[in-house]
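Below is one structure, written out as structure tokens, with a few remarks after it.
In this chain, residues are counted from 1 in sequence order.
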Amino acid sequence: MRWRRLLAVARKEAIQIRRDARSLAMAFAIPMLLIVMYGYALTLDVDDLRTIVYDQDASEASREFLRGFTQSGYFTVVATARAWTEVERALDTSRAQVALVIPVNFARDLDLGRRVAVQALLDGSDANTATIATGYIDAIARRYSDRLAVLHAPVSRRPPAVEGRLRVWYNADLQSKNFIVPGLIAVIMMVIAAMLTSLTVAREWERGTMEQLVSTPIRVGELVAGKLLPYFAIGILDVTLAAGAATLVFGVPFRGSALLLLGFSSVFLLGAVSLGLLISIKTRSQLLASQLAMLTTFLPSFLLSGFAYDIANMPRALQLVTYVVPARYFVTSLKAIFLKGVGLGELWLEGVLLVAFAAAVTVLATRSFRKSLE
């Protein structure tokens, strides 16, 4: 391999990228736009549940019970109903997501030691929000009941004062952005890197410049490496910018090694750009190549990498498919490096699998390219 010829191809490709506004936008503007847009829009946090209250007792005890909801920070009372029809209308029109219905004689029944049923109605059209809201309501109601039990029970019969203290490691505030944004970097890099390189060889065929490359003494390995080098450099720059945005814009903690992050990103990007080049070699059409690159990168990376959906909750058949999705291992590595601060000793298996993917796709792309016009 002659480095002079390799760098000449890389320089030629860099000039084409610089002159192509579409490629420049795809290389730099789109990744930043996607990470900001998805980082803010794609969230699993539920902290502003619109709530309508139908307090039929209107007592001090019922107001104290409701204060547990308003002070929790998860519920926002948007209306107070005076009749059952107002509750139905609020849920039907999506004005409210939760309705709390306190029965008549709520305070009297509590004083008499009776069990009181408070009705909570939830809008199940959004199943995820309804599930999370159910947990919030149950926790607040239990806390209120426990406090009443301690206050009304005789001192000799009160339960032991055992307090359970939960501690969440790596994401103490349980903010979804802390695990969504690192995984989002993997998805964006896979899509952008593959789509950019999927246009390289196809563009040569469509512009009629492939004949000039074929007629030169450059070897296939030099041509492939020269084509990949500029896009690999762009990918590394994009990863750096995305990681900076994750920590500075979204406040995602970075507890790991920057060198380890760079190493894993380099291996993953090598596989991604090689995959795009392989698609470009096989299709010879920019339109078909870009569509195929999107189909083979975005959907698997978004749906089957563990970025958005837990792999353990998928059907067994899909779980098996995820083993051939390279983004799965990069997503796992990014989350571990960002949030856990682990080293290569814990991520060696993911590293080996990413190296295997990059090597296999690079070799396949090199062998698929032929210096001929057939």
Side-chain angles (χ1 to χ4, degrees), residues 1-20 22-24 26-28 189-239 262-297 324 326 330 351-374:
M1 180 175 289
R2 299 289 183 86
W3 285 99
R4 183 177 179 181
R5 292 187 298 213
L6 186 156
L7 292 177
V9 176
R11 181 174 178 272
K12 169 183 174 297
E13 198 67 32
I15 292 174
Q16 286 185 337
I17 296 173
R18 189 180 63 202
R19 292 176 177 176
D20 188 352
R22 183 180 61 177
S23 296
L24 283 175
M26 190 180 299
F28 296 107
M189 291 302 102
M190 183 68 177
V191 175
I192 298 301
M195 286 195 65
L196 281 173
T197 51
S198 68
L199 306 176
T200 55
V201 176
R203 181 169 52 226
E204 301 285 0
W205 284 108
E206 291 186 356
R207 292 181 178 178
T209 56
M210 182 58 72
E211 292 85 349
Q212 299 175 8
L213 288 175
V214 171
S215 63
T216 62
I218 189 170
R219 296 178 180 178
V220 172
E222 296 167 348
L223 179 60
V224 170
K227 287 282 188 183
L228 294 181
L229 188 58
Y231 298 102
F232 179 81
I234 290 173
I236 291 297
L237 180 58
D238 280 339
V239 169
L262 179 62
F264 272 85
S265 301
S266 300
V267 175
F268 178 74
L269 282 171
L270 178 60
V273 295
S274 298
L275 177 62
L277 185 63
L278 176 62
I279 294 173
S280 187
I281 292 171
K282 292 295 186 181
T283 58
R284 298 190 179 187
S285 167
Q286 292 190 72
L287 178 60
L288 180 58
S290 60
Q291 292 176 343
L292 188 58
M294 176 63 73
L295 180 63
T296 56
T297 58
V324 297
F330 193 43
V352 169
L353 293 172
L354 287 175
V355 169
F357 162 71
V361 180
T362 303
V363 170
L364 188 58
T366 303
R367 292 187 176 182
S368 298
F369 188 83
R370 295 287 184 272
K371 285 190 64 179
S372 64
L373 299 179
E374 297 178 359

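Using a 4.5 Å cut-off on side-chain heavy atoms (C-beta onward), Leu196 and Val273 make no contact. At a threshold of 4.5 Å between non-hydrogen side-chain atoms, the residues Met190 and Pro326 count as touching. Counting heavy atoms from C-beta on, the side chains of Val9 and Glu222 never come closer than 4.5 Å. Between Leu223 and Lys227 the shortest side-chain heavy-atom distance falls below 4.5 Å.
Atom OG1 of residue Thr366 and atom CD1 of residue Ile281 lie 7.5 Å apart, to the nearest 0.5 angstrom. With values rounded to the nearest 0.5 angstrom, Leu269 atom CG is found 10.0 Å from Ser274 atom OG. Residue Leu262 holds its CG atom at 5.5 Å from CD1 of Ile236, rounded to the nearest 0.5 Å. The CE atom of Met189 sits 9.0 Å away from the OG atom of Ser265 when rounded to the nearest 0.5 Å. Note that the CD1 atom of Ile279 and the CG atom of Leu292 stand 4.5 Å from one another [nearest 0.5 Å]. Expressed to the nearest 0.5 Å, how far CD1 of Ile234 lies from CD1 of Ile192 amounts to 11.0 Å.
Considering all non-hydrogen atoms of both residues, Ala365 and Leu278 come closest at CA-CD1, 3.9 Å. Scanning all heavy atoms of the two residues, the minimum distance from Ser280 to Ala289 falls at CA-CB, 4.5 Å. Heavy atoms only, all atoms of each residue included: Ala10 and Pro230 are closest at O-CG, 3.4 Å.
Between the side chain of Ser290 and the backbone N or O of Leu287, at least one donor-acceptor pair lies under 3.5 Å.
Residue pairs meeting the side chain to side chain donor-acceptor pair (under 3.5 Å) criterion with at least one member in residues 228-237, sequence neighbours excluded, are Glu13-Tyr231, Arg203-Tyr231. Evaluation of the ring pair (Phe, Tyr, Trp, His ring centres under 6.0 Å) test over residues 270-290, restricted to residues two or more places apart or in two chains, returns none. Judged as a side chain to side chain donor-acceptor pair (under 3.5 Å), not a single pair has a partner in residues 192-201 (not counting sequence neighbours).
Dense packing is recorded around NZ of Lys12, with more than 12 heavy atoms of other residues, nucleotides or ligands lying under 6.0 Å away.
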